S.K.: 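Sharing a structure, written as structure tokens. Questions coming.
Side chains included, hydrogens not; waters and symmetry mates left out as well; all remaining heavy atoms used. In this text the structure is predicted, and so the values were computed from the model without any measurement. Reminder, nothing fancy here: chain letters follow the sequence lines and each chain counts from 1.
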2 protein chains.
Amino acid sequence: MAANRNARRKQLQNLLAEDPFLTDQQLAELLEVSVATIRLDRMALSIPELRERTKTIASKNYSKLKALEGTEVIGEIIDLELGKFAISILSVQDDMVFERTQILRGHHLFAQANSLAVALVNANVALTAKANVRYYIPVKNGDRVIAKAALVSEKGSRSEIIVESKVNQEMVFRGEFTVVALEKESDSN
Amino acid sequence: MAANRNARRKQLQNLLAEDPFLTDQQLAELLEVSVATIRLDRMALSIPELRERTKTIASKNYSKLKALEGTEVIGEIIDLELGKFAISILSVQDDMVFERTQILRGHHLFAQANSLAVALVNANVALTAKANVRYYIPVKNGDRVIAKAALVSEKGSRSEIIVESKVNQEMVFRGEFTVVALEKESDSN
DNA sequence: CTCCTATTAAGACCAGGTGATAACCTATTG
DNA sequence: CAATAGGTTATCACCTGGTCTTAATAGGAG
């Protein structure tokens with residue numbers, strides 16, 4: 001009897017993990033119990049109501065997406081002198097790592113370095129043309145990666161930039177980027 | 001008079017662009033008009049109600065975050081033979097491009113290629129050690145990028161993989177990746 | 001002064017809940 | 001067998017943040 005109930009509650013959790021946008025009504029139908037029971041179960045499991053769940057997902061992801069993909073630079077720029085050097089910090093979050101190993105996926109280090117290199121170039125529009133990168137030490141969940149980019153040469157519209165990324169003073173990543181300026185810094189309307 | 005109204009509506013749009021989680025009540029206070037007016041304005045601008053906005057953000061980002069950052073592979077794998085080759089498709093979305101130029105940020109191509117290379121390796125845990133990449137043609141918003149990865153050599157735990165990415169049969173990106181297997185495919189618990 | 005536009009207010013309704021109370025099975029236990 | 005307890009369900013009042021409709025009001029422009 002109580003076994004029934006516990007099984008149902010597990011199912012409820014699974015259902016909501018798959019699709020957090022189910023109403024009590026829908027859950028009641030899926031689990032073949034009354035809405036009242038679903039409410040009690042939610043209370044017991046301290047699962048908030050649909051609107052709260054929706055709101056949480058929305059606001060959590062809103063800021064995350066804005067911070068992660070919506071901006072021009074991955075990581076937070078803490079120092080920048082156009083055409084000379086730039087520094088950014090990236091805090092490694094849960095969703096950037098391999099689930100099994102909690103090791104940062106390589107492309108995030110690349111993204112941080114690449115976007116920093118592009119930001120460094122003194123041009124309105126700059127694109128990456130070439131990159132050689134090397135990963136030295138795996139970066140783990142929770143680490144703070146400090147990337148330093150330096151312009152090493154500039155021939156016409158092509159800039160060579162070296163980015164070194166460190167965690168606790170140890171170099172974890174190094175990249176050489178060739179960035180091409182498409183539009184020189186002239187009219188920045 | 002109508003100028004007043006249009007100015008207010010612009011403001012309303014700006015407010016919601018900054019914070020889409022404002023209720024009509026809050027908007028009314030901020031703009032110093034009645035709630036009724038806010039409703040009319042929303043109707044005129046066809047801005048949905050708070051809950052709809054929240055829902056949209058939540059579900060859009062839910063799938064997006066899951067698809068973009070939460071998975072092991074960036075892009076959708078459409079063919080894979082472990083240790084031989086792999087193919088994936090990436091559809092370029094609004095949030096992956098530079099706003100000014102609508103050109104895909106370089107790290108997305110890298111991410112697609114890198115994660116495909118890692119997926120290709122016949123090991124439980126594999127990490128990127130080195131990558132040399134080249135960007136040939138800018139990829140634009142709406143493009144579908146097809147990446148083909150092929151294993152070219154394998155010495156001990158180090159695999160060399162070449163990834164070529166094309167849009168409309170034209171090569172836009174090419175990368176050589178060295179991937180290191182940390183844990184051989186033996187016990188896949 | 002009158003007309004017109006913009007604004008506001010008022011009332012009924014809706015979804016998706018919360019919270020409390022009471023009724024109802026069913027299964028065991030004295 | 002009846003009493004009791006555990007789990008389930010029904011019912012009712014209430015809440016937020018809206019919807020839609022209708023009506024009243026304010027403030028110029030002609």
S.K.: Roughly how many Å is it from CZ in B:Arg5 to P in C:dC4, rounded to a whole number?
M.R.: 17 Å

S.K.: What is the distance, to the nearest angstrom, from the CD atom on B:Glu32 to the P atom on C:dT7?
M.R.: 14 Å

S.K.: Taking salt bridge (charged side-chain N to carboxylate O under 4.0 Å, His left out) as the definition, give me every residue that meets it alongside B:Glu52, ordered by chain and number, with sequence neighbours left out.
M.R.: B:Lys55

S.K.: Near DNA chain C, counting only heavy atoms under 4.0 Å, which residues of residues 37-52 of chain B show up?
M.R.: B:Thr37, B:Leu40

S.K.: With B:Arg174, which residues qualify under salt bridge (charged side-chain N to carboxylate O under 4.0 Å, His left out), at least two apart?
M.R.: B:Glu164, B:Glu176

S.K.: Could you state the CD-P distance from A:Gln26 to C:dA15, rounded to the nearest angstrom?
M.R.: 13 Å

S.K.: Locate the shortest heavy-atom distance separating B:Ser159 from B:Leu151; write the atom from each residue and the value.
M.R.: CB-CD1, 3.6 Å

S.K.: If you assign B:Arg9 and A:Gln25 each to the DNA chain C nucleotide with the nearest heavy atom, which residue ends up on the more 5' nucleotide?
M.R.: B:Arg9

S.K.: Let me know the distance between CZ of A:Arg8 and C1' of D:dG6, rounded to the nearest Å.
M.R.: 12 Å

S.K.: Please list, by residue number, the residues of residues 15-24 of chain A whose heavy atoms come closer than 4.0 Å to an atom of DNA chain C; answer none if no residue qualifies.
M.R.: A:Thr23, A:Asp24

S.K.: List in chain and number order the residues that pass ring pair (Phe, Tyr, Trp, His ring centres under 6.0 Å) with B:Phe110, two or more places apart in sequence or in another chain; answer none if no residue qualifies.
M.R.: A:Phe110, B:Phe177

S.K.: Tell me: CG of A:Asn4 to C1' of C:dC25, nearest whole Å?
M.R.: 14 Å

S.K.: Return the set of residues passing side-chain hydrogen bond (donor to acceptor under 3.5 Å, both in side chains) with A:Ser88 (not counting sequence neighbours), or none when no residue passes.
M.R.: A:Gln112

S.K.: Using a 4.0 Å heavy-atom cut-off across all strands, classify B:Val33 as base, sugar-phosphate, or nothing.
M.R.: sugar-phosphate

S.K.: Could you list the residues that satisfy salt bridge (charged side-chain N to carboxylate O under 4.0 Å, His left out) with A:Asp41, not counting sequence neighbours?
M.R.: A:Arg8, A:Arg9

S.K.: List in chain and number order the residues that pass salt bridge (charged side-chain N to carboxylate O under 4.0 Å, His left out) with B:Lys140, two or more places apart in sequence or in another chain; answer none if no residue qualifies.
M.R.: none

S.K.: Would you mind listing every side chain to side chain donor-acceptor pair (under 3.5 Å) that reaches into residues 17-28 of chain B, with sequence neighbours excluded?
M.R.: B:Thr23-B:Gln26, B:Asp24-B:Arg39, B:Asp24-B:Arg42, B:Gln25-B:Glu29

